[in-house]
Protein chains: 2
Amino acid sequence: MTQFGTHVNTARRSLQEHDRRYSLRQVAKRIGVEPGYLSKIERGQVAPPSEAATVRLAKELDQDPDVLLALGGKVSSDLQEVIRKRPRLFAQLIRELRDAPDHAVLRIVREVRDGDW
Amino acid sequence: MTQFGTHVNTARRSLQEHDRRYSLRQVAKRIGVEPGYLSKIERGQVAPPSEAATVRLAKELDQDPDVLLALGGKVSSDLQEVIRKRPRLFAQLIRELRDAPDHAVLRIVREVRDGDW
DNA sequence: CGTCATGTTTCCTAAACACTACACACTTAC
DNA sequence: GTAAGTGTGTAGTGTTTAGGAAACATGACG
């Protein structure tokens, strides 16, 4: 289950092809972790990093933070906070939407965005 | 920030009034923790318990698990799983609904429940 | 009085989490 | 050919999580 590592490695190497500032060492330095640690992360030798480090990594590699967090088995803490503020409401909504097809959820997103409440 | 403890204590004592099977010790035994631990939980002397223990406690005290988890600063792992399976979609939806009034969210819940996709 | 049952206090800990430090081997650039 | 840069391996660290064990104090009951 190290989707996380391979995903990061692939993304980084793809950037590295055109820009040698995306070596493991340089990326590690920019996101503020030790090279050895990032190496192990990419090869799934350790668990995915903390939320904060994951988000920095996602930004650095131009990835969607929520997706990368998900690959790391996490959910963004700001989303969790939204749920925790109105647990009954959001729990019900999310469970209701668990098996809904993407397009149905998307339709709701658009509906809400066009703010007709 | 020990909303959790006082909430549990209040709920338990209110049950205890009419039914002495809801002493701290007996509840602790039924949910499978040591009395000393539950005591500390109720007085906020330790952090809220794990998700599993919180859910057992909620059921025992006839409380909504999602609400009690929220008071403990947690979000049910089954909800997290739903989000992690389609992170972009659900992240967008939840952020969109962050500031929506309850009745607007409820309307959507009903809409979805009446399954018109 | 003795013995339940109640809640509380103190002390301890095993496991998981999130990393750092540093030495190593190999390639590339000049 | 050496200096710089690349990725990797081994070992160890501090912190947090999630409790358990056992003794203690208090009150009610028969």
Side-chain angles (χ1 to χ4, degrees), chain A residues 1-2 4-58 60-61 65 68-69 71-77 80, chain B residues 1-2 4-58 60-61 65 68-69 71-77 80:
Chain A
M1 275 309 173
T2 171
F4 189 90
T6 42
H7 183 88
V8 168
N9 181 263
T10 302
R12 186 182 58 76
R13 284 219 323 271
S14 132
L15 287 170
Q16 191 181 17
E17 267 182 54
H18 308 292
D19 187 340
R20 64 197 178 303
R21 293 192 341 262
Y22 287 89
S23 73
L24 184 148
R25 269 169 188 275
Q26 293 192 40
V27 169
K29 176 150 217 178
R30 285 198 295 276
I31 68 167
V33 303
E34 293 295 311
Y37 184 44
L38 181 54
S39 171
K40 282 177 281 187
I41 288 170
E42 287 196 355
R43 287 169 303 111
Q45 214 182 92
V46 299
S50 67
E51 176 175 350
T54 299
V55 169
R56 293 197 304 273
L57 187 52
E60 181 63 32
L61 301 182
L68 205 57
L69 283 171
L71 288 174
K74 295 183 163 72
V75 170
S76 175
S77 56
Q80 296 201 34
Chain B
M1 276 307 172
T2 171
F4 188 90
T6 42
H7 183 89
V8 168
N9 181 263
T10 303
R12 184 181 61 75
R13 284 219 324 271
S14 132
L15 287 170
Q16 192 181 17
E17 265 183 54
H18 307 292
D19 186 341
R20 65 197 183 302
R21 292 193 342 264
Y22 287 89
S23 74
L24 185 148
R25 270 169 187 275
Q26 292 192 39
V27 168
K29 176 150 216 177
R30 285 198 295 276
I31 68 168
V33 303
E34 292 295 312
Y37 184 44
L38 182 53
S39 171
K40 282 179 281 186
I41 288 170
E42 287 195 356
R43 283 167 310 106
Q45 213 182 91
V46 299
S50 67
E51 176 176 348
T54 300
V55 170
R56 292 198 303 272
L57 188 50
E60 181 63 33
L61 301 181
L68 204 57
L69 283 170
L71 289 173
K74 294 186 164 74
V75 170
S76 175
S77 57
Q80 297 202 32

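What you see is a predicted model, and the numbers here were worked out from it, not measured in a lab. Chain letters run A, B, ... following the sequence lines, proteins first and then strands; every chain starts at 1.
For dG19(D), the OP1/OP2 oxygens have a side-chain nitrogen or oxygen of Ser50(B) closer than 4.0 Å. Here Arg43(B) reaches the OP1 or OP2 of dT9(C): one of its side-chain N or O atoms lies under 4.0 Å away. Listed pair Ser23(A) / dG5(D) fails the phosphate criterion, with no side-chain N or O lying under 4.0 Å from OP1 or OP2.
Counting heavy atoms from C-beta on, the side chains of Pro48(A) and Leu71(A) never come closer than 4.5 Å. Side-chain atoms of Asn9(A) and Thr6(A), non-hydrogen and from C-beta on, never get closer than 4.5 Å to each other. With contacts defined as side-chain heavy-atom distances shorter than 4.5 Å, the pair Val27(A)/Leu57(A) qualifies. Put simply, the side chain of Glu17(B) does not reach to within 4.5 Å of the side chain of Tyr22(B), judged on heavy atoms. Taking the side chain as every heavy atom from C-beta outward, Ile41(B) and Pro49(B) approach each other to under 4.5 Å.
In this structure, Val46(B) reaches neither bases nor backbone, as no heavy-atom distance under 4.0 Å exists between it and the strands shown. Glu51(A) comes within 4.0 angstrom of nothing in the nucleic acid, heavy atoms only. The residue Glu42(B) sits apart from the nucleic acid: no heavy atom pair falls under 4.0 Å. Residue contacts for Lys74(B): at a heavy-atom cut-off of 4.0 Å it reaches the sugar-phosphate backbone alone, with no base atom in range. Using a 4.0 Å heavy-atom distance criterion, Arg12(B) is classed as a sugar-phosphate-only contact.
Taking the nucleotide of DNA chain D with the nearest heavy atom to each of Ala47(B) and Gly32(B), the more 5' of the two is matched to Ala47(B). Between Arg20(B) and Tyr37(B), the residue anchored closer to the 5' end of DNA chain C is Arg20(B), taking for each the nucleotide with the nearest heavy atom.
To the nearest angstrom, P of dC26(C) lies 18 Å from CG of Leu24(A). Rounded to an integer number of Å, the gap from CG of Leu38(B) to P of dT8(C) is 9 Å. The separation between Arg21(B) atom CZ and dT6(C) atom P is 12 Å, rounded to whole Å. For the pair Lys29(A) NZ and dT6(D) P, the computed distance is 11 Å after rounding to whole Å. Distance OH (Tyr22(A)) to P (dT6(D)): 14 Å, rounded to an integer number of Å. Rounded to whole Å, the distance from CD1 on Ile41(A) to C1' on dG9(D) is 16 Å. Summarising the geometry, the separation between CD on Glu34(B) and P on dC11(C) is reported as 18 Å, rounded to the nearest angstrom.
Of the candidates dG7(C), dG7(D), dA18(C), the closest approach to any side-chain atom of Ser39(B) belongs to dG7(C). In the set dG19(D), dT9(C), dG7(C), the nucleotide with an atom closest to the side chain of Ala53(B) is dG19(D). Closest approach to the Gln16(A) side chain among dG7(D), dT8(C), dT20(C) is made by dG7(D) (side chain taken as heavy atoms from C-beta onward). Checking dT6(D), dG20(D), dT10(D) against every side-chain atom of Gln45(A), the shortest atom distance belongs to dT10(D).
Interface remark: the Arg25(A) side chain does form a donor-acceptor pair with the dG7(D) base, using a distance-only criterion of under 3.5 Å. On a pure distance criterion of 3.5 Å, a polar donor-acceptor pair joins the side chain of Lys40(B) and the base of dG20(D).
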Trace of the side-chain contact (heavy atoms from CB on, under 4.5 Å) decision for Val75(B) with Leu69(B): CA-CA 6 Å; Val75(B) 170; Leu69(B) 283 170; over 6 Å; no

